[in-house]
Structure formats: structure tokens, C-alpha cells
Amino acid sequence: MTKEENTKRLAYLKGIVASLPEKPGSYQYYDAEGTIIYVGKAKNLKARVSSYFHTEVDRFKTKVLVSKIHDISYTVVNTEEDALLLENSLIKKYNPRYNVLLKDGKTYPSICVTSEPFPRIFKTRNINKKWGTYYGPYSHISSMYAVLELINKLYRPRTCRQPMTREGVEAKKYQVCLEYHIKNCGGPCVGKQLYDDYQKNIAQAREILKGNTRKVLRDMRDEMQQLAEELRFEEAEEIKRKYLLIDSFVSKSEVVSHTIDNVDVLTITNDEKTAFINYIHVANGAINQSFTFEFKKKMDESEVELLQLGIAEMRTRFNSTSKEIVVPFDPQMELDGVTFTIPQRGDKKTLLELSEMNGKQYKFDRLKQAEKLNPEQKQVRLMKELQEKLGLPKLPYQIECFDNSNISGTDAVAACVVFKKMKPSKQDYKRYNIKTVVGPDDYASMKEVVHRRYSRLMEEHQALPDLIVADGGKGQMEVIREVIQDELNLDIPIAGLAKNDRHRTNELLYGFPPMTVALKTDSELFHVLTRLQDEVHRFAITFHREKRSKHALHSELDEIRGIGPKTKDALIVALKSVKRIKEADIQALSNIVGASKARIIYDYFHKDLE
């Protein structure tokens, strides 16, 4: 588009904006092909739309959107609530490129009560309102199964799929199935359970699905008293059994306060690209619905804008008639007859915290699902988290860690393990024999190994690590820093893993001078770092044991002139240890290696006795 064409485009659009009414409504932006690319809503159409064309607009994505607009249309409505609901329906219909994308929860099951003469009750993921009434969706599957189990125990609705009518029952067209014989069904197909009784059970089941358990309990209590007065004790006992089942179910459900009724609760949990809005409905003091909406951000939408979308979606999807909505902050909107509550304490604050917890759990579950499908996503996330925590200049793709191992300075060794993309890279592990240090001096040993490692990498022009982790606190970090920065003049970040009095790693150190980095010890990132630490311990100790074992078994045999490797192996296989070889007589040795070699070995170990 030329500059002249762009000037004409903007002049045309500003002409439309100048004629917009100052009323609530929804507006739509179109691109050059006439496709709707954005849908919005406003209390005041003229003020809202004109804000997009101010020269001081500084959001990059908004500027990109404006550069794509070639036409504008709008719809005037009576109230802000109507504008919100219209915007929601248009977004769903046209799926505009620059609008928030609602990831629908169609994968969540609902409970269906069919509209048949003898209704069935079952879970389903397919919604077709011609077939019955649907309750849900249930984001917590265990809650759904708990409700279904309760209904099946109480009312034993039929599970067979054969189409049943009252006329068919009267004509004796049907036969009972196994469910009747195992007492999971009352047998309405053959008249064992009367039609009116069956309908009464289904009506009560509907009340439970709506969350009106207290109404069901009140009705049951009244019916029990009536039956008892009529001396129909067996029937009263059956009602009592059902009453106790429902009462037990209610006691396990999330009851907040018996005074809270028909209230909606919404909270929002954010990250860079997605917003998770949790919705909870409370009826008769108990939570009877919980669902989380997932919105994919397109235009750096604010939390206020996203919460408004969540409220619109909730009211249309669940046909909510609540006159009170509990929210974490002012949604900056007005709905006819609806009060927005921002609680600071009490039962409603508890509800708000519960909703927020559900939103965070849903976000965590979605992240886990995505990482199962794409394991590298988790590794990149952990690298980004470590980069942010330490303020590193780039992602810590390659991390290296060192450890020493010795007993009183003997058989001193060191090890270096390498993690790439937060996973062990075992082909890059290195083992070192300490050459210049005498006695148990961990700092000097660390200094030697670090210098050998990185001076060689520099000579061979190999990749240097993005982060070095010291297996220890400030002392080890300072030794590594002296080599890296002062001697080799390298700029490699250095962190440390410090232990507490119980010798358990409890903090991450970074910087100069080293400072504690805020990191929860039960976080995934901390577990990866401690795994790095455990791995370098294991690798160093294994190497040290191998060296010590080899030294203990063979050191004295190695000093006997005229005895080769095959002879030594034969002796070890036969006598198992150097001590037994020393104690063996000349005949025993001769039987293993022959007379001449037996004499050499015997004389070597008994020369001090001559």
C-alpha cells in the first residue's frame, strides 16, 4: 500500500468514526477482502472506536490491527450487557483473527437426562438439546462420577437403550434384563416400578443435578413424617435410606455457607499467551458447578477485558440468572440487576480463593498435557525459568557441575557432569585424577580441575558452558570464579548449591558476592538442579571407588617383578584377595601358577621373615 493510499484509507475510516453514535453497542473491523478481523464492544461506540486512531497509541499489536482495517460496521444496543453478549456471539460466529480465542471445553463431559417417556441418566460429551437436558460440563470428572453414583444408588434409573413408552409397557412388549435381577433397576419396562414413581425419582434426580439437595432433603423429611403417621414404616425406612445417602453426599461436598444461594464466582489466572478464567456456581450454600475457560490472547488484552469476556461466556453458556457475581477486581461493567462483589474476608473470600485455586490447577494440568506431547517444551520452560531467576544473558543450554572425591587425600579424583537442555549428556562427562594436590584439599583440587577443563576447551575451540554450578557454597564458587574470571579471563556465570546443617541442599546462590536466589525447594527447577548435584556425586564417587578398588587389589602384586597380568588375574580368581595370597603356602601357590612363579611370589611376601 502506498503512502497516498494509506492516507485515503485513514481519512475514510475517520469519517466513519466521526459519525458513530455515543451509545452502547458492538463494532466490527474488516480487512481489504471484507473479512471481519476484530469484534469489540463499548459503552460509548464513538469514544471507544476513535481511541484506536489516536496518534499516541503505543501498543504494537494495536498499531498492526489498525494498519489492516479497511472498513467499520457497528450495531447499537440498549445496554452494556447486551453489547457484551452480542460481542461474545459475534466472536464465536466469525472467529476474528485479532480477537481472543476461546478454547471450548467440549472435551469435558456433561450429564444428560433424556426427554424419553422413561428418561435415562448418563454421562456424554455430545450435546444435542433435542434429546434431553444437559447438566455440566464437569471439569472435575470425579465430581461428576460422584453425582452419578449417588443418583444410581438412590433412584436406579434404567440403563437400557431400548425405546420405551407407557403403551408398550401396558401391552407387555418388554422384558426385564440383568440390571433388574441384580437390583440396579426397578423394572419400569414390565410395570414393576410404576410410571408415576419413576417420574418422581427423575424429578428428584434433576434437583440434585441442579444442586438443590437441601430442597430434596426437606421434601424427603416431610414424606418420612407423613408415612410414619400413616404407620407405613417400611416405606418410611426406604425414604430414610435415601435421605442418609444424600445427606452424606452433601456433607462431603464443598459447603461454604447456607446463606449463600445462586451466586456466581469468577477468577482469572494469566500467563503470557493464555488466560484461564474459572467459574463456580453456588446454590443453597454448596458448589454445584465448576468450569474453567481458556482464552488465547491476541492483542495484549488486559485482565479487565478478559474477565468481561468470561462473564459474557458464563452467562450465555450456563444460562446464569445470578444476581450476584463474586470477582477479584472491578470488571468495569454494568449488568442489569447484577451486583459485583469484591470480598475481603469471610465465606465469599473463601469462594474466591477456591476458584483461583481451581484456575491455577487447570493451568498446571494443561501445561503438563502439552509437555507430555512435546517434552522439549518443558525443558525450554525450565531453562527460561532459570534464566529469569539468575538474570542470565542467554538460555542456560549447557550446564556443568564439578565434584571431588578422596579419603584423607588418597586416590583423589574429580568429576564433571554436563547437562544439555536440562538433561544429562553422559557422553560429555569427564573424570580427572588429581595430579598437583597433596593431601585432602578440596579447594585446590577444584581449582586444578576447573583450570584443566576450560583451558583445554579453549585450546580445542570447543563450546563453553552457559552456566557452571558449584557443588557447594560460597567457598567453592569463589575458587571457580578465580580460575574462570581472574586466570582464564572468561565470562561464564557461576551458581552454587549450598547445604543446610543436615547436609541437605536447601538454597541456590548466585552473583558476586553470592546471594540467595528465591527458589522453592519443591519446585521442578530445584529438583533438576539437585539431580545435577546428585549426578556429579554419583559419577565422582563411582570413579573414586573404581580407582580405590583397583589400587587395593593390585597395588602390591604390581610391584612383584616377573609376575604378569595373567598370573595376577589367576591368583585373584583363585584366592580372592591379596591378603589370602600373602598367607598361602608355596604348595598352594604352585597349584595355581606353577613352581617357579610360586617361589617368586612366596619369597616376595616372606622376605622380611628371613
With the threshold set at 4.0 Å, does a side-chain nitrogen-carboxylate oxygen contact exist between [X] and [Y]?
X: K360; Y: E356; answer: yes
X: E313; Y: R317; answer: yes
X: R531; Y: E535; answer: no

Check whether any side-chain heavy atom of [X] sits under 4.5 Å from a side-chain heavy atom of [Y], and report yes or no.
X: Q344; Y: K349; answer: no
X: T267; Y: I277; answer: no
X: W131; Y: N126; answer: no
X: T35; Y: Y30; answer: no
X: V418; Y: I399; answer: no
X: K296; Y: V100; answer: no

Problem - Residues R456, E460; criterion salt bridge (charged side-chain N to carboxylate O under 4.0 Å, His left out); working and verdict - result: CA-CA 6 Å; R456 180 166 183 173; E460 297 177 356; 2.8 Å; yes

Practice task
Any salt bridge (charged side-chain N to carboxylate O under 4.0 Å, His left out) involving residues 23-45? Give me the pairs, sequence neighbours left out, ordered by first then second residue.
Solution key: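 Checked against salt bridge (charged side-chain N to carboxylate O under 4.0 Å, His left out) - neighbours excluded - no pair reaches residues 23-45.
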
Out of curiosity, [X] [atom1] to [Y] [atom2], how far, rounded to the nearest 0.5 Å?
X: I36; Y: L90; atom1: CD1; atom2: CG; answer: 6.5 Å
X: I202; Y: E116; atom1: CD1; atom2: CD; answer: 10.0 Å
X: R453; Y: I468; atom1: CZ; atom2: CD1; answer: 9.0 Å
X: L266; Y: N278; atom1: CG; atom2: CG; answer: 7.5 Å
X: N358; Y: T269; atom1: CG; atom2: OG1; answer: 9.5 Å

For [X], what residues pass the side-chain hydrogen bond (donor to acceptor under 3.5 Å, both in side chains) criterion, not counting sequence neighbours?
X: K363; answer: none
X: N99; answer: none
X: E87; answer: none
X: N6; answer: R9

Exercise for the section: Give a yes or no on whether D330 atom CG has more than 12 heavy-atom contacts from other residues, nucleotides or ligands under 6.0 Å away. Expected result: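 Atom CG in D330 is crowded, with more than 12 foreign heavy atoms closer than 6.0 Å.
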
Exercise for the section: Not counting sequence neighbours, which residues clear side chain to side chain contact (heavy atoms under 4.5 Å, CB included) with K123? List them please. Expected result: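 Side chain to side chain contact (heavy atoms under 4.5 Å, CB included) check on K123 returns M144, Y145, L148.
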
Practice task
Say whether E400 and Y454, considering side chains only, have a donor N or O and an acceptor N or O under 3.5 Å apart.
Solution key: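 Y454 and E400 do have a side-chain donor-acceptor pair below 3.5 Å.
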
Handout entry: Geometric class of the Y279/F318 ring pair [parallel <30°, tilted 30-60°, perpendicular >60°]
Key =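 Parallel: the ring planes of F318 and Y279 meet at under 30°.
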
Problem - Stacked cation flag R48 on Y27, 6.0 angstrom / 45 deg - result: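 Output no; distance or angle outside limits.
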
